[in-house]
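These notes are about the structure you will find just below.
Each chain gets a letter, A, B and so on, in the order the sequences are listed, and its residues count up from 1. The analysis underlying the following values was restricted to heavy atoms, covering all of them including side chains, and did not include hydrogens, waters or symmetry mates.
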Amino acid sequence: MFDTLSDKLQNVLGSLKGQGRLSEDDVNKAMREIRLALLEADVNFKVVKQFVAAVKERALGEEVLESLTPGQQVIKIVHEELVKLMGSASAKLTMSPKPPTVVLMVGLQGSGKTTTVAKLAKHLVKQGKRPELVACDIYRPAAIDQLKVLGEQVGVPVFSIDGSNDAVEIARKGVEDAAAAGRDVVIIDTAGRLHIDEKLMEELVDIRKQVRPHDILLVLDSMTGQDAVNVAEQFQQQVNFDGVILTKLDGDARGGAALSVRAVTGKPIIFASTGEKLNAFDAFHPDRMASRILGMGDVLTLIEKAQQNIDEKKALELEEKIRKAQFTFEDFLDQMQSMRKMGPLAGMLAMIPGIPKQLRQAQIDERELDRVEAIIRSMTPEERRSPEILNGSRRKRIATGSGASVQAVNQLISKFKQMQKLMKQFAGGKKMPNIPPELLRGGF
Amino acid sequence: MTRNWHEVFKGVAPPEAEAAPAEEIEEKKRGWFRRFKVSLSKSREAMTQRLSTIMFDKLDADLWEKLEETLIFADCGVASTVEIVERMEQAANEGEISDQQQFFSQLEKAIVDIFPADSYQIDVSHQPSVILVVGVNGTGKTTTVGKIAYHLKKEGKSVVLAAADTFRAAAIEQLSEWGKRVDCPVVRQEHGSDPGAVVFDAIAAARSRGIDVVIVDTAGRLHTQVPLMEELKKIHRVVGKQIPGGPHEVLLTVDATTGQNGLIQARLFGEAVDVSGVVLTKLDGTAKGGIAVAIAHELNLPIKLVGVGEQTEDLRPFDPGDFAKALFEA
């Protein structure tokens, strides 16, 4: 739907390689595209202005590397500057030397605080911590029930006071309760509030005074637009939060708000929440976010290529296999797993450049992938390596083992063979073959 | 001029002429408008401050750049912003902008023209009518359902709520709480049950009890989650099978804080369940809600209602003129 920034830059700058230095004219043209791309990604326009100025200064007169086109060169600079701005290393929670560590969660309505509280608790449990949750959202109907249910799901106690309308008191008693019970982390869920709601912001200030949290985390929806700056500035002024949790990153929002908040407050983004499930929660990677904001997974690949990445050996092995048509189910499973580790496939596909449009837009059902994986896993290693030995009885056994029908197994095998054939063509020819869309649906 | 609710709800009779003295109605209308403005006052201040800094001494590149920034800052998006600025430039070239007042009235017109003019109504003229409320997580679906129910009841319609968000923890309880607040029955099953079945039950209940409107609260879902979007299509089909032509309204809640992703949300929800209008929620913050402009511009989708607070009555018919004015009026 959108051209990636790299396509656009390629268009305005042409693809002359190694033409000496970037001229002022080149740079100006490029800056316009970069400005638009960042605005489309919801980066605050003031932040965009500063950022573009910084990039421009660096880009002017920069030598164009032999291996890159001027467009690629500019993107490399943009990406590096973005990573610099986002912070290059992942930030962490501050843990109190004297437990319990108190974590206060704040944010606008609907940013995902309550769910995030549960996710953070689960994350901490995995690290061997013993958190307790405190339900201070006394305003939204059933918010306390929601936290109780979630607490049960992650196996963590939830402190609440039924019928209380004093969030400050609940917070204070919650921390006392957790300390008495020997819990080492207390996570306080608060009601969503507008940053301009004086009364409710005061309540937060009071809670903060009462419980002296070690970490105050602002929960921010990754889909937030230009207003993210106002929100972050207000919350910073009132409660001076320590870090940000970015939610709903499993959507396709480019998440420019993350950059705005970082630029305006200087506070790190610590965690990212990436799905409906309670374990869809992880440390935040600034460098990945930089690529995402630019709308291009290609940057990394590009830079890798430019700097001669070490992984080339593995890639060469795979290429060799493809060329000799030795690509097996084993390799397929490997590829599938390493891809899936990186996140939802549909989102990733959209980011890989050079992939045919129909493939980019293909609807990929993750459950379908589960089924494919189950079928392959029900094969013996020998069968995976040499699919031609799969006769009727083997197929039947695989079907039983994976809970799929024999037809499904047959389908997968015939599609795999088709794919092998395509790969042969691919290896022989110069360009990516047209992958028939039916190959993608209900199979791969 | 803000519309009255009986004008917005298609199928609601206008009140008797004698119901209230004209003056009082006028007063009430102003009251709504004022509240809307108050809720937008923060953004309005910000906006007019910014615009007043450009104020108008000459039509030059600087002016257009400032205008562009202002629109971008309101989340109108690049395409709509370019469109509006071009229209303004054209108006200027034709000599229609020579002072500040003309500048603002042209600006208001340029924005108002983007919104589809005649599709402001919410169709509750069927028996029963079904309103499906859909949207991304955390955009305010359940709250919006409660508020619409309140206003429908005030206009004399009976309402049943369907708790079809069977996924999120305590979502059913949250809707039930709203049911109590606005005095509406809530059809519910247990957590994790099939939302289609809940909707089926709710429509059956509405039929047997002669209830006028069924409002379906669905689970929040990201438009990128294919299985969940399929589930939504199924809910839509369940309604259509029981009531030909239903659901009569599919309202998409969009958080006014949302940036450019709101456009993709509207497009994909629209493709899945044929959205008939947008409810722009949380307009009481500092966010300008300009994404509504982008949605109307690129998808020609009407904005029907705006949410301006947490109270039951904090829902308003959308009025493009007020919206534009509240953003730009000096």
Applying side-chain contact (heavy atoms from CB on, under 4.5 Å) between V134(B) and each of L251(B), L252(B), V216(B), I235(B), report the one that passes. L252(B)
With a 4.5 Å cut-off on heavy-atom pairs, point out which of G251(A), G256(A), G275(A) contacts chain B the most. G251(A)
Tell me, out of T115(A), V149(A), L194(A), who's got the most heavy-atom pairs with chain B below 4.5 Å. L194(A)
Would you find more than 12 non-hydrogen atoms of other residues, nucleotides or ligands less than 6.0 Å from R32(A) atom CZ? no
Salt bridge between K234(B) and E231(B), side-chain N to carboxylate O under 4.0 Å? no
Interface moiety of L108(A) toward chain B, non-hydrogen atoms closer than 4.5 Å: side chain
Where on D197(A) is there a heavy atom nearer than 4.5 Å to chain B: the side chain, the backbone, both, or neither? neither
Is it the case that the side chains of Y139(A) and Q109(A) hold a donor-acceptor pair, with the cut-off being a distance below 3.5 Å and no angle test? no
Counting only heavy atoms closer than 4.5 Å, note whether K49(A) contacts chain B via side chain, backbone, both or neither. side chain
K180(B) vs E177(B), test: salt bridge (charged side-chain N to carboxylate O under 4.0 Å, His left out). Steps then yes/no. CA-CA 5 Å; K180(B) 260 185 251 163; E177(B) 193 56 45; 3.7 Å; yes
For R193(A), is it the side chain, the backbone, both, or neither that has a heavy atom closer than 4.5 Å to a heavy atom of chain B? neither
Just by modelled atom types, is the V254(B) backbone N or O under 3.5 Å from a matching donor or acceptor in the T258(B) side chain? no
Answer with side chain, backbone, both or neither: which region of L228(B) has an atom nearer than 4.5 Å to a non-hydrogen atom of chain A? side chain
